[in-house]
K.L.:
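Sharing a structure here in C-alpha cells format.
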Amino acid sequence: MADREGASGTPRMRWWGWGDPGHGPALNPRTLELLRETVGVAETPRAPVALDSVKLPLTRLDEDARAALVAVLGADAVRDDRLERVTHAAGKGYVDLVRMRAGEPAGAPDAVVLPDTHARLGALLELCASRGLAVVPFGGGTSVVGGVEPLTGGPAAVIALDMGRMAQISELDRESRIVTVGAGIRGPRLERELAKEGLTLGHWPQSYEYVTLGGCAATRSAGQASSGYGAIAKMVLGLRMATPVGDIALAPMPASAAGPGMRDLIVGSEGTLGVIDEVSLRVRRAPAQRRYEGVMFESFAAGVQALRAMAQEHAMPEVARLSDAAETRMSMALAGGGGAKGRLGRAYLGARGRGDRSKIGQRTQRCIAILGFEGEEDELKGRRARTIGLARRNGGVALGGSPGRTWLAGRFQAPYLRDDLLSHGVMVETLETATRWSNLQRLHEAVGGAIEHALAAEGTPGLVMCHVSHLYETGASLYYTFIARQRPGREIEQWRAVKRAAGEAIVVGGGTITHHHAVGRDHAPWLEPEIGERGVAALGALKRELDPAGIMNPGKLFPSAG
Ligand SMILES: Cc1cc2nc3c(=O)[nH]c(=O)nc-3n(C[C@H](O)[C@H](O)[C@H](O)COP(=O)(O)OP(=O)(O)OC[C@H]3O[C@@H](n4cnc5c(N)ncnc54)[C@H](O)[C@@H]3O)c2cc1C
C-alpha cells in the first residue's frame, strides 16, 4: 500500500484519482441504476492498474545534474522513486485520470524536488536555468486543465517542484487582518490556524482539501463562497515570486496606483514566469453564524433575474448557486431514493431508456438555488431578509434549511463520485465560463447545446447540466457538468471533441474561456481569441524577461507552446 504521506509530509492523494486513498465507494446502487437507465454504464467495472504497472519513461536526468540538485537541496529533497514520479505525473482533470487509471501517463517528471527555503528555491531555479532543466511548479496537483503536466518543450529533463515544504505561516497582522504564508500551505491547514485566532480566509474551492494557496494564486482560483468573500485575486494583497533571474517581491497593500497591477500579472501566471513562494492574504473575522437554504424558482430565467437583483442591490449571499432545470432534476433524482421521492426523481429526469436523451428534460423546468449566508447575527438577518425578498419578488419559494445543509455537508464529496463513475465506464467532466448578465441566458443555451450536440455526434448522448454561481454586479459564472458513456479506447478523442465544441461556443458566444480553472494546456488555444495577439505578445515579452531560458512550466498558458 502506498505511503499515506508524500515526501512533503502532507496527505497524499490517490495517484490515479481523487482524494484520500482510504475513502470508500461514493457511488450508491440507486445512482448507478439511474445512470444505467439514462446514459448507460459498462457491463464490467474496471479498476485502475496497479502502481507497478504504470508505464514510466526512463529518467533523463543524468548523474551530474542529479548531483547538482542534491548539492543545492540535500539528498532527501531530490526524489526519483516510482511513487513520487507517478504522483507528480498529472493533475486531476478528466484526461489525467483516464491516462493514470490506464497506467499510461503522458509523461512523468524525471525527478521531484522539494525546496524548503527561499534561498534554496532561488539557487535551484538558477541551476535549472543554467542546465536547461524544465521546472513545473506543483502545489496540490489539483489542476484540471493540464497545468502540472510535465512537458519539457524539448529533449531536456523536467522536474516537478513540489511546494509542500514551504508551508509556514510567517506573519499574522491582526490589526490589518493580513496573513503571510508559504505558498505551499494547504487550504485546511491555513483555515485551522486562522480559526484559532477567530479568523477565516473564506476560500473554499471544491478541491479545498488538497489545494495550496500558491496554486490558488497561480490559477486565479474562485472558492464556492466567492460571491461573498471574493475570489483569490481579491484576497492576494502581496506576494513574492522567485524567477530564474531573481525575485519580484510585492509588499501587501490595500490598494496602489503605482503603475499597471504587477500583482495581477503574477496572480494567474500558472508557473510560467516563476514560483510564487510567499503570499499575503486578506482574512476576515470568522462568521458567528452560517445559514444555508434552498429556494425554488419556476424557471431558469426567473432564478437568473433574482440572482442579478441580489448582486446589484447589495443583497449578496456568500454562496449563491442556481441549478438549471437539468441539474435540478438530477439532484432531485439523486436525493430521491427508492421510495416515492425516488419515483418522483426518476419521473423528473424522464429516465426511461438508455441514451433516451430526448425524453430527459421534458418534465419540470423548475430550478433550485442554494443560498448560503455567513456573518454576524444582525447583519446576516437584515441581508438575508433582503435577499429572500428579492427571490420572492421573482417567484422564488423558500424551501427551508434542508437543501442548504445537504449541499454544505456533501460539497467536497463529488470528486470521489467521479472516480467510481470512471470505473463504470462513465465520463463525467466539468467546464466553466463567465459572462455579463445581459448575455448569460444566451450563453447558457449556446454552450449547453454545443456540448449536447458534440456528445450526440460521438454516438454517446449524455446529460448536460449547469449552474450559475460566483456572482458579480455585472455578471456571473456558468459551470457545466456533463455525463455520458465513455467510448472505450477513444475516451480522450471523445473528450477532445466535446471540449473543442464547448470552447468554440464560449468564445463565439462572448464568454471567457475560463472563470476559475485557468488556462494550463487545455485552454491555451483560446487565450489569443480572448486577449488578442498583442496581449499574448506582451505576456510573451514578460516571460522572456523573467525566464529567458524558457524553463518555467513549458507548454502551459501560451498558445504557441501548447
Ligand atoms: C475536483 C476538483 C474541484 C475543483 N474545484 C475548483 C473550484 O471550486 N474553484 C477553483 O478555482 N478551482 C477548482 N479546481 C481546480 C484546482 O483545484 C485549482 O486550479 C487550484 O487553484 C489549483 O491549486 P493547486 O495547489 O492544486 O495547484 P496545482 O494544480 O499544483 O497547480 C496549478 C497551476 O499553478 C502552478 N503553480 C502551482 N503552485 C505554484 C506556485 N507556488 N507558484 C507558481 N505556480 C504554481 C502549476 O504549475 C500549475 O500550472 C478543482 C479541481 C478539482 C480536481
K.L.:
Does the pair Val181 and Leu190 meet the rule for a side-chain contact (heavy atoms from CB on, under 4.5 Å), with working shown?
P.N.:
CA-CA 9 Å; Val181 295; Leu190 177 58; 3.9 Å; yes
K.L.:
Does Glu530 use its side chain to pair, donor to acceptor, with the backbone of Ile513 at less than 3.5 Å?
P.N.:
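Yes, the answer is positive, given that a donor and an acceptor are paired below the 3.5 Å cut-off.
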K.L.:
Would Glu104 and Lys55 pass as an ion pair if we require N to O under 4.0 Å?
P.N.:
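Salt bridge flag = yes for Lys55 with Glu104.
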K.L.:
Name every donor-acceptor pair, under 3.5 Å, that has one atom in a side chain of residues 537-546 and the other anywhere in the protein, sequence neighbours excluded.
P.N.:
residue : atom : partner : partner atom : Å
Lys543  : NZ   : Thr272  : O            : 2.7
Lys543  : NZ   : Asp547  : OD2          : 2.6
Lys543  : NZ   : Met552  : O            : 3.0

K.L.:
Among side-chain atoms of Glu318 and Ser227, is any donor-acceptor pair under 3.5 angstrom?
P.N.:
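No, Ser227 and Glu318 have no side-chain donor paired with an acceptor closer than 3.5 Å.
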K.L.:
Donor-acceptor pair, distance only, cut-off 3.5 Å: does the side chain of Lys92 make one with the backbone of Gly17?
P.N.:
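At least one qualifying donor-acceptor pair exists.
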K.L.:
To the nearest 0.5 Å, what is the distance between CD1 on Ile370 and OG on Ser469?
P.N.:
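Going from the CD1 atom of Ile370 to the OG atom of Ser469 covers 12.0 Å.
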K.L.:
Would you give me the side-chain donor-acceptor pairs under 3.5 Å for residues 121-128, sequence neighbours excluded?
P.N.:
none

K.L.:
Which pair of non-hydrogen atoms, one from Pro150 and one from Ala89, has the smallest distance, and what is that distance?
P.N.:
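For Pro150 versus Ala89, the nearest heavy atoms are CD-O, 3.1 Å.
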K.L.:
Mind checking whether His516 and Tyr479 have parallel, tilted or perpendicular rings, split at 30° and 60°?
P.N.:
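Rings of His516 and Tyr479: parallel, under 30°.
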K.L.:
The criterion is side chain to side chain donor-acceptor pair (under 3.5 Å); which residues satisfy it with Trp407, sequence neighbours excluded?
P.N.:
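For Trp407 there are no side chain to side chain donor-acceptor pair (under 3.5 Å) partners, ignoring immediate neighbours.
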K.L.:
Side-chain donor-acceptor pair under 3.5 Å between Lys556 and His523, yes or no?
P.N.:
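No - no donor-acceptor pair under 3.5 Å links their side chains.
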K.L.:
Test Arg14 against every option in Asp419, Thr87, Asp20 by the side chain to side chain donor-acceptor pair (under 3.5 Å) rule and name the one that passes.
P.N.:
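Filter result, single survivor: Asp419.
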K.L.:
Any side-chain donor paired with an acceptor under 3.5 Å for Trp526 and Glu504?
P.N.:
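Side-chain D/A pair, Trp526 to Glu504: present.
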K.L.:
Can Tyr292 and Glu374 be counted as having a side-chain donor-acceptor contact under 3.5 angstrom?
P.N.:
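Distance-only check passes for Tyr292 and Glu374.
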K.L.:
Looking at Asp162, Val158, Ile551, Leu161, which one forms a side-chain contact (heavy atoms from CB on, under 4.5 Å) with Val136?
P.N.:
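One option only clears the test, and that one is Val158.
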K.L.:
Atom CD1 in Ile185, atom CZ in Arg189: separation rounded to 0.5 Å?
P.N.:
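So the gap between those two atoms works out to 4.0 Å.
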K.L.:
Assess whether side-chain hydrogen bond (donor to acceptor under 3.5 Å, both in side chains) is satisfied between Thr59 and Arg85, documenting all intermediate values.
P.N.:
CA-CA 10 Å; Thr59 178; Arg85 288 184 70 205; 5.1 Å; no
K.L.:
According to the side chain to side chain donor-acceptor pair (under 3.5 Å) rule, which pairs have a member within residues 105-118, sequence neighbours left out?
P.N.:
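Output for this query lists Arg60-Asp110, Asp116-Arg120, His118-Arg240, His118-Asp247, His118-Asp277.
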K.L.:
Between Arg263 and Ser256, is any side-chain donor less than 3.5 angstrom from a side-chain acceptor?
P.N.:
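No - no donor-acceptor pair under 3.5 Å links their side chains.
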K.L.:
Step through the shown structure and confirm whether more than 12 heavy atoms of other residues, nucleotides or ligands are within 6.0 Å of CZ on Arg46.
P.N.:
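12 or below, so no.
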K.L.:
Sub-3.5 Å donor-acceptor pair from the side chain of Arg282 to the main-chain atoms of Leu201, do we have one?
P.N.:
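Side chain of Arg282 to backbone of Leu201, a donor-acceptor pair under 3.5 Å: no, none is there.
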K.L.:
With rounding to the nearest 0.5 angstrom, report the CG to NE2 distance, Leu431 to His517.
P.N.:
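NE2 of His517 is found 8.5 Å from CG of Leu431.
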K.L.:
Would the distance check show the side chain of Arg285 and the main-chain N or O of Glu376 forming a donor-acceptor pair, the cut-off being under 3.5 Å?
P.N.:
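It does not hold such a pair.
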K.L.:
Under 3.5 Å, is there a donor on one side chain and an acceptor on the other for Glu429 and Thr481?
P.N.:
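Their side chains do not contain a donor-acceptor pair, so the 3.5 Å distance test is not met.
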K.L.:
Ignoring hydrogens and angles, state whether a donor on the side chain of Arg411 or Gln224 is under 3.5 Å from an acceptor on the partner side chain.
P.N.:
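The criterion, which ignores hydrogens and geometry beyond distance, is satisfied for Gln224 and Arg411.
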K.L.:
Output the distance between atom CD (Glu270) and atom CD1 (Ile276), rounded to the nearest 0.5 Å.
P.N.:
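If we round to the nearest 0.5 Å, Glu270:CD and Ile276:CD1 are 10.0 Å apart.
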K.L.:
Just checking, is any N or O donor in the side chain of Thr219 or Ser221 under 3.5 Å from an acceptor N or O on the other one?
P.N.:
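Distance-only check fails for Thr219 and Ser221.
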K.L.:
Looking at Thr512 and His515, would you say the former's side chain and the latter's main chain have a donor-acceptor pair under 3.5 Å?
P.N.:
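Checking the backbone N and O of His515 against the side chain of Thr512, no donor-acceptor pair under 3.5 Å is found.
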K.L.:
Carefully, step by step, assess Glu84 and Arg12 under the rule salt bridge (Lys or Arg N to Asp or Glu O under 4.0 Å).
P.N.:
CA-CA 10 Å; Glu84 286 300 333; Arg12 196 193 284 284; 3.0 Å; yes
K.L.:
Ignoring hydrogens and geometry, is there a side-chain-to-backbone donor-acceptor pair from Thr474 to Arg436 under 3.5 Å?
P.N.:
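A pair under 3.5 Å: no.
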K.L.:
Is a side-chain donor or acceptor of Asp420 paired with a backbone partner of Ala26 at a separation under 3.5 angstrom?
P.N.:
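Yes; judged by distance alone, with no hydrogens or angles, the pair exists.
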K.L.:
Holding to salt bridge (Lys or Arg N to Asp or Glu O under 4.0 Å), I want the full list of residues that pass it with Arg284, two or more places apart in sequence or in another chain.
P.N.:
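Once residues adjacent in sequence are excluded, Arg284 has no partner under the salt bridge (Lys or Arg N to Asp or Glu O under 4.0 Å) criterion.
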K.L.:
Enter the distance from Leu69:CG to Asp64:CG here, rounded to the nearest 0.5 Å.
P.N.:
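Leu69 CG to Asp64 CG: 10.0 Å, rounded to 0.5 Å.
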K.L.:
Is there a donor in the side chain of Ser226 and an acceptor in the side chain of His470, or the other way round, less than 3.5 Å apart?
P.N.:
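Short answer, yes.
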K.L.:
Donor-acceptor check, side chain of Ser176 to backbone of Ile178, threshold 3.5 angstrom: yes or no?
P.N.:
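Here the side-chain-to-backbone pair does not exist.
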K.L.:
Do the two ring centres, one from Tyr210 and one from Trp18, sit under 6.0 Å apart?
P.N.:
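So the answer is yes for these two rings.
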K.L.:
Check whether Arg165 reaches the backbone of Ala7 with its side chain - one donor and one acceptor, N or O, closer than 3.5 Å.
P.N.:
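Side chain of Arg165 to backbone of Ala7, a donor-acceptor pair under 3.5 Å: yes, one is there.
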K.L.:
For Glu493, is the CD atom crowded, meaning more than 12 foreign heavy atoms sit under 6.0 Å from it?
P.N.:
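Counting neighbours around CD of Glu493, more than 12 heavy atoms of other residues, nucleotides or ligands fall under 6.0 Å, so yes.
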K.L.:
Could you tell me whether Asp76 and Arg79 have a side-chain N and a carboxylate O separated by less than 4.0 Å?
P.N.:
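Judged by the 4.0 Å cut-off on N to carboxylate O distance, Asp76 and Arg79 do form a salt bridge.
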K.L.:
I want to check something: taking the side chain as every heavy atom from C-beta on, are Leu199 and Leu172 in contact at a cut-off of under 4.5 Å?
P.N.:
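Counting from C-beta outward, Leu199 and Leu172 do come under 4.5 Å.
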K.L.:
With Arg220, which residues qualify under salt bridge (Lys or Arg N to Asp or Glu O under 4.0 Å), at least two apart?
P.N.:
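Applying salt bridge (Lys or Arg N to Asp or Glu O under 4.0 Å) to Arg220 gives Asp264.
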